[in-house]
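What follows is a set of notes on a single structure, which appears directly below.
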Amino acid sequence: MTRVLVLNCGSSSVRYRLYDGSDVLAKGLVQRIGESGGDAADHDEALRTLMDRLDLSGLAAVGHRVVHGGERFTTSTVITDEVVAAVEELIPLAPLHNPGALTGIRVARKLLPEVPQVAVFDTAFHSTIPPEGVLWAVDRDLAERYGLRRYGFHGTSHAYVSRETARVLGTPAAETNVITLHLGNGASAAAVRGGRCVATSMGMTPLSGLVMGTRSGDIDPSLVFHLHREAGMSLDEIEESLTRHGGMLGLTGANDMREVQERVTSGDPDAVLAFAVYTRRLREYVGAYLAVLGRVDAITFTAGVGENSPEVRAAALSGLEPLGIRIDEARNRANALIISPPGAPITVCVVPTEEELEIADESRRALSL
Ligand code: ADP
């Protein structure tokens, strides 16, 4: 029995994939749940409909993507009532993300009571980051009481892509050091030493680090106090602004990197500057993680922008030749698996991420299937 159903439940959507081994038997997206004209009235109806449609015979597991695992979940975990309660307790740390996953878990357990279910956490891969990469220099009592620390996200992607990179290099993952750059709508960087994550750019929430589609990435936190005092904005309004009206959208009015790049080509100065802000931030993190790792074997780009934008990859790594980082223009244009020239000290890769497959594999690992 190798069939696994992977569910990625958001607040108003359900993404699913049914795997047999690594073969995809079915996949799809139920959207705008609960909205008028949406695909389903609620998660219950959405999951019921898709389970009716799918052939779930021989299903060995359901794997759920859960964004925040807090300090407690450092690995993929078989779901029990107690696990559900613990994920519920983490809602304050991920108010936008964990409730959707919890609804999915509840409904799927009800509809498939005989099938073991596994929670696969976006944060888990980052649990190996040493304390000095996790703690911020804030009041320790406050930090302990309120869980103020770096958790990191996109862990399934960083885990999968760093492992694949070792395969591409032909070296054991346990001996390979990789900087992974996951650049989608959300974006994060990670430093992986011998298969274990040692640094990442997202923090307590997925807001910090790289410039994203609509999220600001790193800012001076004083900006929040200033906006509250001087602009009279409430904390909710500021959060909304930084998470939904920041990033490339805030700088250019467009969150889609393709549109930004078209505007760069036509010489729009806002787009040119935004592209420079985006790629400079990437370069800063690459520099930081070269220093964290000391020896780097590969830098790997993944997700929508990372897999498809030669312009972003070239700009992000430009000027780093003295550090052993070079890009072959033709390979880069072709989105090739290896885009550095032969013999370059650091191999630059483009590895398509497979987060759902990683969740399916993790589910099997958690159940020892
Ligand atoms: P998500 O984070 O929602 O999973 P993706 O990983 O699919 O998103 O990434 C979406 C982003 O990828 C969008 O901003 C889109 O503009 C960008 N993208 C997709 N194709 C290209 C391309 N050819 N060039 C530049 N950006 C691209």
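Start at 1 and go down the list; that is how both ligands and their atoms are numbered. Excluded from the calculations below are hydrogen atoms, water molecules and symmetry mates; all remaining heavy atoms, backbone and side chain alike, are included.
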- G184 neighbourhood, listing ligand 1 atoms whose heavy-atom distance to it stays under 4.0 Å: 2 (O), 5 (P), 6 (O), 9 (O)
- Message: Determine whether any protein heavy atom is located less than 4.0 Å from atom 23 (N) of ligand 1.
- Response: yes
- Item | Criterion side chain to side chain donor-acceptor pair (under 3.5 Å) on S266 and D268, from CA distance to verdict | CA-CA 6 Å; S266 62; D268 172 347; over 6 Å; no
- Message: To check your reading of the model: name the closest protein heavy atom to atom 17 (C) of ligand 1, its residue, and the distance in Å.
- Response: V305 CG2, 3.6 Å
- Task: May I ask you to decide if the ring planes of H68 and F153 are parallel, tilted or perpendicular, using 30° and 60° as cut-offs?
- Result: perpendicular
- Euclidean distance, L96 CG relative to I91 CD1, rounded to 0.5 Å: 11.5 Å
- Numbering the atoms of ligand 1 from 1, which are under 4.0 Å from a heavy atom of G186? 2 (O)
Mind listing the side-chain donor-acceptor pairs of residues 318-331 below 3.5 Å, one per line with the distance, residues two or more places apart or on another chain?
residue: S318; atom: OG; partner: A315; partner atom: O; Å: 3.2
residue: E321; atom: OE1; partner: G319; partner atom: N; Å: 3.4
residue: D328; atom: OD1; partner: A330; partner atom: N; Å: 3.2
residue: D328; atom: OD1; partner: R331; partner atom: N; Å: 2.9
residue: R331; atom: NH1; partner: S340; partner atom: O; Å: 2.8

- So with a 6.0 Å cut-off around CZ of R283, is the heavy-atom count from everything else above 12? yes
- Message: Can a donor-acceptor pair be found, under 3.5 Å and without considering hydrogens, that links the side chain of N332 to the backbone of I339?
- Response: no
- Can an N or O of D256 be found at a distance shorter than 3.5 Å from an N or O of ligand 1? yes
- Task: For G213 and ligand 1, answer yes if some heavy atom of the residue is under 4.0 Å from a ligand atom, otherwise no.
- Result: no
- Note on the structure: The closest protein heavy-atom partner of atom 5 (P) of ligand 1 is G304 N, 3.7 Å
- Under 4.0 angstrom from ligand 1, any heavy atom of N255? yes
- Task: Please determine if R72 and E82 form a salt bridge, counting it only when a charged side-chain N lies under 4.0 Å from a carboxylate O.
- Result: yes
- Query: Just one of K110, R109, R106 clears the salt bridge (Lys or Arg N to Asp or Glu O under 4.0 Å) bar with D44, so which one?
  - Reply: K110
- Task: State the atoms of ligand 1, each with its element, that fall below the 4.0 Å cut-off from a heavy-atom position in A303.
- Result: 6 (O)
- Message: Would L183 count as a polar contact of ligand 1, with the cut-off being nitrogen or oxygen pairs under 3.5 Å?
- Response: no
- In terms of residue, atom name and distance, what is the protein heavy atom nearest to atom 26 (N) of ligand 1? M257 CB, 3.6 Å
- Item | Shortest protein contact, atom 13 (C) of ligand 1 (heavy atom only) | N185 OD1, 3.7 Å
